[in-house]
Amino acid sequence: QVQLVESGGGLVQAGGSLRLSCAASGRFFSSYAMGWFRQVPGKEREIVAATNWSGGQTFYVDSVKGRFTISRDNAKNAGYLQMDSLKPEDTAVYYCAADRSPYIRSVSDYADRGGMDWWGKGTLVTVSS
């Protein structure tokens, strides 16, 4: 069992930066892939970024490539999402999630909240123009 708690959301102006953190409980977090998702009202939750168990492999959705960086510190049971050059369209609730598999899945597997076994409750990011 894994419990995930996000922090670091808030209000930022366009062009600014935020760093989201995900604190994980559970002995085996370091064995699991993890990811960050986001959701706006009326839309499906979408994958933003994912990393494998070691952090050595990463995936980013096209809209955040070059602006966001996913990382993890297994010694601290933590994951992070550094968000730079934020845009108003990045405004959403951001969720941390973990997958029993150690590997990143195909993008289609993450649709409709698939591909992940545990979820945090989310943290709101608001980017003003």
- Message: Gln82: which residues meet the side chain to side chain donor-acceptor pair (under 3.5 Å) condition with it, sequence neighbours left out?
- Response: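 Result, side chain to side chain donor-acceptor pair (under 3.5 Å) vs Gln82: Asp84.
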- Item | Which residues share a side chain to side chain donor-acceptor pair (under 3.5 Å) with Lys65, sequence neighbours left out |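 For Lys65, the residues satisfying side chain to side chain donor-acceptor pair (under 3.5 Å) (neighbours in sequence not counted) are Asp62.
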- Task: Heavy atoms only: give me the nearest Val40-Ala92 pair and the separation to one decimal.
- Result: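 Taking Val40 first and Ala92 second, the nearest heavy atoms are CG1-CB, 3.6 Å.
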- Task: Kindly give the heavy-atom pair with the smallest separation between Leu81 and Ala49, and that separation in Å.
- Result: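 Closest approach of Leu81 to Ala49: CD1-CB, 4.2 Å.
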- Message: I want to check something: taking the side chain as every heavy atom from C-beta on, are Leu4 and Tyr95 in contact at a cut-off of under 4.5 Å?
- Response: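 No - every pair of side-chain heavy atoms lies 4.5 Å or more apart.
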- Query: Between Tyr32 and Pro102, is any pair of side-chain heavy atoms under 4.5 Å apart?
  - Reply: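 Answer no - side chains too far apart.
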- Message: Which residues pass the ring pair (Phe, Tyr, Trp, His ring centres under 6.0 Å) test with Tyr110, not counting sequence neighbours?
- Response: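 Listed in chain order: Phe37.
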Would you find a donor on one side and an acceptor on the other, under 3.5 Å apart, between the side chain of [X] and the backbone of [Y]?
{"X": "Asn74", "Y": "Asn77", "answer": "no"}
{"X": "Trp36", "Y": "Tyr80", "answer": "yes"}
{"X": "Glu6", "Y": "Cys96", "answer": "yes"}
{"X": "Thr51", "Y": "Gln57", "answer": "yes"}

Do the side chains of [X] and [Y] join up, straight or via other hydrophobic residues, at under 4.5 Å, putting them in one cluster?
{"X": "Ile47", "Y": "Phe68", "value": "no"}
{"X": "Leu86", "Y": "Val93", "value": "no"}
{"X": "Tyr60", "Y": "Ile104", "value": "no"}
{"X": "Ile70", "Y": "Phe59", "value": "no"}

- Task: Sort and list the pairs that fulfil salt bridge (Lys or Arg N to Asp or Glu O under 4.0 Å) and have at least one residue in residues 89-99, not counting sequence neighbours.
- Result: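 As it turns out, the salt bridge (Lys or Arg N to Asp or Glu O under 4.0 Å) pairs with a partner in residues 89-99, which skip direct neighbours, are Arg38-Asp90, Arg67-Asp90, Asp99-Arg105.
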- Query: According to the salt bridge (Lys or Arg N to Asp or Glu O under 4.0 Å) rule, which pairs have a member within residues 71-83, sequence neighbours left out?
  - Reply: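 Qualifying pairs, neighbours excluded: none.
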Can I get a per-line list of side-chain donor-acceptor pairs under 3.5 Å for residues 112-129, giving both atom names and the distance, sequence neighbours left out?
from   : atom 1 : to     : atom 2 : distance (Å)
Asp117 : OD1    : Arg100 : NH1    : 3.1
Asp117 : OD2    : Arg100 : N      : 2.8
Thr123 : OG1    : Gly9   : N      : 3.2

- Query: In Å, rounded to the nearest 0.5 Å, how long is the span from CZ of Arg19 to CE of Met83?
  - Reply: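 The CE atom of Met83 is 11.5 Å from CZ of Arg19, to the nearest 0.5 Å.
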